[in-house]
Amino acid sequence: MIEPNSELVIDYELVRNNIHVIKSNLPSNCKIMGIIKSNAYGHDLDKAAQALDDAIDGYGVVRLEEALRIREKSVKPILAMQGVYSSDAYDALKQNNIWSVVHSISQLPLAKKYQDDLLFWIKLNTGMNRLGIVLNELDQFQSLLKDSNVLMTHLACADNPEDELNDAQLKNFDHAWNKVANKMQRSVLNSAGVFNFPDQAYDWVRPGIAMYGGIAFPGLKTSMTFRSQIISIQSLNKNERIGYGGRVKTDKPSKIAIVYCGYADGFPQTVIDGTSVMVNSHKSKIIGRVSMDLISIDVTEIPDCKIGDWCELWSPELSILENTKKNGLLSYELMTKMNQRVKRHYLNI
Ligand SMILES: *Cc1c(COP(=O)(O)O)cnc(C)c1O
């Protein structure tokens with residue numbers, strides 16, 4: 001074994017396949033604003049803008065800085081989803097042909113000043129109560145309510161189609177749509193929305209996590225593999241305790257493998273016993289507390305497991321959702337918080 005390291009292997013062919021799954025769920029005239037905020041959910045902003053340029057119709061980010069970086073790589077539409085706040089920033093949007101979201105009445109004076117030079121997405125608060133203008137503020141936006149601009153909203157419960165808030169939000173959005181006399185383009189759906197409310201697809205959808213395989217839908221695959229190597233194997237008797245706090249005791253003679261990664265790589269310290277990992281194409285389970293730099297797993301049933309073998313914490317074959325569901329975590333958070341020391345490999349850019 002050469003010096004071990006924890007690794008993130010990011011396969012852009014899988015991201016493009018996931019986009020294909022998203023598209024096959026939508027009308028063919030609906031455009032995809034692929035969301036690559038937060039360093040493309042941990043998949044690298046620059047690499048994403050390279051690898052996905054033919055697969056999507058535009059890029060959604062949060063910050064102006066991200067938008068400018070993508071503009072160096074792509075001529076596609078770019079949307080700064082949390083808006084901008086100064087004349088300098090609006091000038092930068094203009095020079096670089098970047099779209100932005102107007103979500104608050106406080107942005108109106110500057111937005112109006114630039115209304116003939118820039119495209120805007122006007123964000124409505126239909127019930128999530130985070131960002132967006134409310135229905136009775138729409139009148140003040142009259143000059144921005146034109147067909148080159150987009151009317152958007154964001155659903156708070158798109159991942160739970162039974163929640164009554166969805167209906168309420170969609171009704172409010174319809175109401176606003178009628179108020180602007182059907183003049184604008186429309187955008188409502190994030191990833192979960194694409195699968196749960198495909199009839200609300202309209203002109204643009206805004207999938208993020210689904211591109212990376214972080215929600216459950218047939219055909220989607222986790223596009224990043226987090227893995228590290230086994231650096232030690234312990235043979236234990238029945239009734240021996242493992243790791244800090246000795247929180248778990250063997251219930252049989254056991255083989256325990258020690259994997260070269262831990263919470264300092266970004267893997268959650270709170271992960272519980274029984275969380276799935278994969279070794280040599282066999283499922284195995286975490287046993288004992290996650291340390292800063294080490295994780296212990298039960299490989300008793302895995303034939304020929306040896307030092308140097310790779311342990312996958314998640315991968316295309318072991319959905320990241322197995323980990324997040326068991327531990328009450330979010331795939332979004334796991335993907336975006338992997339630490340710098342984890343070595344990155346990019347495939348199929
Ligand atoms: C992050 C974000 C999205 C993408 O959400 P996913 O759940 O990752 O698909 C879409 N729209 C807005 C406004 C967002 O902030």
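These numbers were taken from a predicted model, which means no experiment stands behind them. Order of appearance sets the numbers: ligands from 1, and atoms from 1 within every ligand.
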For this session: Could you tell me whether Ala192 and ligand 1 have an N or O pair separated by under 3.5 Å?
Result: no
Exercise. Counting each atom of ligand 1 from 1 as listed, which ones have a heavy atom of Met81 under 4.0 Å away?
Worked result: 12 (C), 13 (C), 14 (C), 15 (O)
For this session: Note the single closest protein heavy atom to atom 8 (O) of ligand 1, along with its residue, its atom name and the distance in Å.
Result: Tyr41 OH, 2.6 Å
Exercise. Quick one: nearest non-hydrogen protein atom to atom 5 (O) of ligand 1, plus distance?
Worked result: Asn190 CB, 3.6 Å
For this session: Classify the side-chain pair His103/Arg130 by whether it contains a donor and acceptor separated by less than 3.5 Å.
Result: no
Problem set entry | Check ion pair Lys238-Asp251 (N to O, under 4.0 angstrom) | no
Exercise. In the protein, which heavy atom is nearest to atom 12 (C) of ligand 1, and how far is it?
Worked result: His154 CE1, 3.4 Å
For this session: For ligand 1, indicate whether the residue Ile35 contacts it via side chain, backbone, both or neither (heavy-atom separation under 4.0 Å).
Result: side chain
Exercise. Would you say the side chains of Tyr114 and Asp91 form a donor-acceptor pair under 3.5 Å?
Worked result: yes
Exercise. Going through the distances and angles, do Thr300 and Asp298 end up as a side chain to side chain donor-acceptor pair (under 3.5 Å)?
Worked result: CA-CA 6 Å; Thr300 313; Asp298 185 348; 2.4 Å; yes
Exercise. Considering only the protein, which heavy-atom contact is closest to atom 11 (N) of ligand 1, and what is its distance?
Worked result: Arg206 NE, 2.9 Å
Exercise. With Ser276, which residues qualify under side chain to side chain donor-acceptor pair (under 3.5 Å), at least two apart?
Worked result: Glu322
Problem set entry | For atom 7 (O) of ligand 1, the protein heavy atom that lies nearest, with its residue and separation | Tyr332 OH, 2.6 Å
Problem set entry | Those atoms of ligand 1 less than 4.0 Å from some heavy atom in Pro207 | 9 (O)
For this session: Take the angle between the ring planes of Tyr12 and Tyr346 and call it parallel below 30°, perpendicular above 60°, tilted in between.
Result: parallel
Seminar exercise, completed: Closest to atom 13 (C) of ligand 1 by heavy-atom distance, out of Lys123, His103, Met211, Lys37, is Lys123
For this session: May I ask you to list the atoms of ligand 1 that are less than 4.0 angstrom from any heavy atom of Ile209?
Result: 6 (P), 7 (O), 8 (O), 9 (O)
Problem set entry | No-hydrogen, no-angle side-chain donor-acceptor test under 3.5 Å, Asn280 and Asp309 | yes
Exercise. Which protein non-hydrogen atom lies closest to atom 9 (O) of ligand 1, naming both residue and atom, and how far is it?
Worked result: Ser191 OG, 2.5 Å
Problem set entry | Partner residues of Ser223 under the side chain to side chain donor-acceptor pair (under 3.5 Å) criterion, sequence neighbours left out | His43
